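Below, read A as the first sequence line, B as the second, and so on, with proteins coming before strands; counting in each chain starts at 1. Since this is a predicted model, take the numbers as computed values, not measurements.
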Amino acid sequence: MIARVLPDVGAIHRVFDYLVPPELERDVAVGTMVRVTLQGRRVGGWVVAVADEPETDRALQPIAKVRGMGPPPALVDLTSWAAWRWAGPRASFLGTASPPTAVRGLPPAPARTPQPTAPVADDLAKEALAGGRRVLRLPPARDPFPVVFEAARLGPALVLAPSVAQAAHLAMRLRRNGFAVAQHPRDWASAAAGGSTVVGARAAAWAPLAEPAAVVVLDEHDEGYQEERAPTWHARDVVIERARRAGAPCALVSPCPSLESLATAPLVAPSRSEERAGWPVVEVVDRRKEPPGLGLFSERVVTLAREGGRLIAVLNRKGRARLLACVSCGELGRCEVCESAVEQTDAGTLRCRRCGAERPSVCLACGATRFRVLRAGVSKAREDLERLAGRAVAEVSAESTDAVGDAPVLVGTEAVLHRADRADAVAFLDFDQELLAPRYRAGEQALGLLARAARLVGGRRDGGRLVVQTRMPTHEVIDVVVHADPSRFALVESARRAALRLPPESAIAEISGEAASPFVAALGNDGVSLTGPSAAGRWLARAEDHRRLCDGLASTPRPPGRLRVAVDPLRL
DNA sequence: CGGACAAGCTGA
DNA sequence: CAGCTTGTCCGG
C-alpha cells in the first residue's frame, strides 16, 4: 500500500509517495494525519490519496508514524477546490479541516436522530430548505431558530453562526429540542462520527461531517465569515460548495443579504408587514437642518440620553480627538516628523497616527497651546454626552475590557454593538462616516451596522428605536431601515457595482508582496485584466467570474519571494 | 521550510 | 586556501 502524502511545510506544494507498513494499513486512509521523513527530517502531513503502485522509481520511505484521524475524504477533496478558489496552499485548508488535538478513535454515533420534543412549525424555514440554495431574508428582530430546527430535522446538518458565542447558544437550543449536536471544533470527533448536527463559527465550514443533510448560514452577510489572512477563504462560499456537492439544501439567512448571495440564489422573504414588524422605528436626524455648533449630539440624542431608557451611541472613531486646529491661528495639528494629522491623547499630548511621534500640545505655527477638536473620538464624545445628559456615561471600544454591565448610557465604537446585549435606543452619531468610507463595500457594511443595532433594540412593537444622524437622509442604506425593505439598497447597489465592474459583477484579487511584480507580469492574459501598482505596491486582477480569475492565478508560476494573493478582498 | 552543496568573499 | 557567508536547489 502506497500513501500519497502532502507535507505540512510552508513552501512545499507537492505530494510524495510513502510506503505504508502492513501493521499501519488499518489506520491509514485518505485524510489520515501522519509524520514522514522528508529529506532527513520529520515533518507532519496528510494522506491525500492511497494507491497500489508508486509514481516514482525512487526507493520509498515508510510512513514514520500515524498521528491520528484527519478530515474525511470529501473534505480532503474540497481542499483542492478551495486552494484553486482562493489561490492558496492546500495544506492551510487541510489544517483548518483537521482536529485541534490528535484523534485516535471516534465515539459511537448516536443511534438515530432523537425525536425533537417541541416541533417548531415555520413555513418560511421549510421553503428556504425545500431543496437547492435559497437566500432567506429575515428581519433583525425575527428569531432564525426555526430554520436551524428545520435543517436539523432533515438529518445531520451544518449550521454556521458569525460568532462562537452565538454558535454555542444555538447548540444549546438544539440540544434542548432533542437533537444530537456537536460544537466545532470542540466536538470534532463527535462530528466526524456522524449523526450529529454540527454548529460553529467560521472554521466550522470545515467541520468533518461526511455529507451534511442541510446547510444553514446565519447572518451570511457578516464579514467575520471571511478569513483576513491569505488565503482569504469565505465560510459561506465553502459551505455553499459543500451543499452543492452533497446535493443538500442550503439556506443563507440574513436581514440584509449580501449582493453575492442575491446574485446566485433565489430570495425567500416574509410578507411586507411581517418584515416591517421585525425592524425598529428609525429616526433620521438631518444635520443639515440643525443649528450649527451642536457638535456631535443633536437635541434628539441628548433628550434620549437624559430620559432614562438605555441608550447606546455609536461613533466609529477611537481615541479622544482625530483632528485638531489651533485655537489662536487655526492651523491644523500635524506631526513635526511626517506631517500627518496628529490626535490628542487622554494625557493631553499630541500623537501622530502614522508614525507615533508624540509631543506636547503646542502649535507648530504660532506656539499656542490650546487646540479646538475638529473631529472628536469616542473619549471626547463620552465626556461631552455625560455633561449634556447629566448622568454617567460609559465608554466601550474594542480595547476596553470592563464589563458593560447595566450602564444606562454607553458611547463606543461599533465594538459596543457586540458587547451590549440590549438597548432601548441606538444612535449613530456620524453615520456619514460609514456611508462614505472609501471602500466599495461601505454601503453593505453600514447596513450591517444598522441591522446589528436593530437586534439590540428589537422590532417596532417592542419599542425598538434607531437614531441616525446624517447629512444624507435619503441615502438608500437609510431608506432600507426607514421602509424596512433591504431590496431598496440591493437594487441601487447592484446597479452601481455593475457600472463599476465590481463584485459580484466581476471577480477580483489583490496581489501584493515582493514577488507581486514578476507574478503579475506573467499573469496578464486570457480574461484576466490588471491594474496597478497602487502607491502601496498592490495590483488588482479582475475577471468576469471566479473561474477565469482563479484559472489564471492557478496557471501562473509563482516567482520566489513573498507573494500575497487575496481573492475577494474585503477592503478595497 | 530547512538541509546540502556550490560558488563567492575575506584575510593571512 | 581554509573558513565563512550567501544563494540555489529540492525533497518520496
Review point. To the nearest angstrom, how far is I2(A) atom CD1 from dG12(C) atom P?
Key: 14 Å
Practice item. Inspect the surroundings of CZ in R571(A) and state if more than 12 heavy atoms from other residues, nucleotides or ligands are less than 6.0 Å away. Key: no
Point to revise | Spacing of I12(A) atom CD1 relative to dG11(C) atom P, expressed in whole Å | key: 10 Å
Check your understanding: Are the side chains of S254(A) and L252(A) in touch, meaning some heavy atoms are under 4.5 Å apart?
Key -> no
Check your understanding: Charged N to carboxylate O under 4.0 angstrom, E505(A) versus R497(A)?
Key -> no
Review point. Are there more than 12 heavy atoms of other residues, nucleotides or ligands under 6.0 Å from atom CD of E228(A)?
Key: no
Practice item. Write down the distance between CZ (R41(A)) and P (dA4(B)), rounded to a whole number of angstrom. Key: 11 Å
Check your understanding: Roughly how many Å is it from CZ in R558(A) to P in dC9(C), rounded to a whole number?
Key -> 19 Å
Exercise for review: Would you kindly give the CZ-to-C1' distance between R4(A) and dG12(C), to the nearest whole Å?
Suggested key: 10 Å
Review point. Please give, in whole Å, the distance from dC1(B) C1' to F16(A) CZ?
Key: 11 Å
Practice item. Check each of R334(A), R359(A), R351(A) against V342(A) using the side chain to side chain contact (heavy atoms under 4.5 Å, CB included) test, and report the only one that passes. Key: R359(A)
Exercise for review: Measure from CD on E55(A) to P on dG12(C) and round the result to the nearest Å.
Suggested key: 15 Å
Practice item. Check the side chains of W233(A) and D568(A) for a donor-acceptor pair under 3.5 angstrom, ignoring hydrogens and angles. Key: no
Exercise for review: Using atom NE2 of H13(A) as one end and atom P of dC10(C) as the other, report the distance to the nearest whole Å.
Suggested key: 16 Å
Please list, pair by pair, any protein nitrogen or oxygen found under 3.5 Å from a nitrogen or oxygen in nucleotides 5-8 of chain B.
none

Check your understanding: Would you say the base of dG12(C) and the side-chain of R14(A) have a donor-acceptor pair closer than 3.5 Å?
Key -> yes
Check your understanding: Under 4.0 Å between a side-chain N/O of R58(A) and OP1 or OP2 of dG11(C), yes or no?
Key -> yes
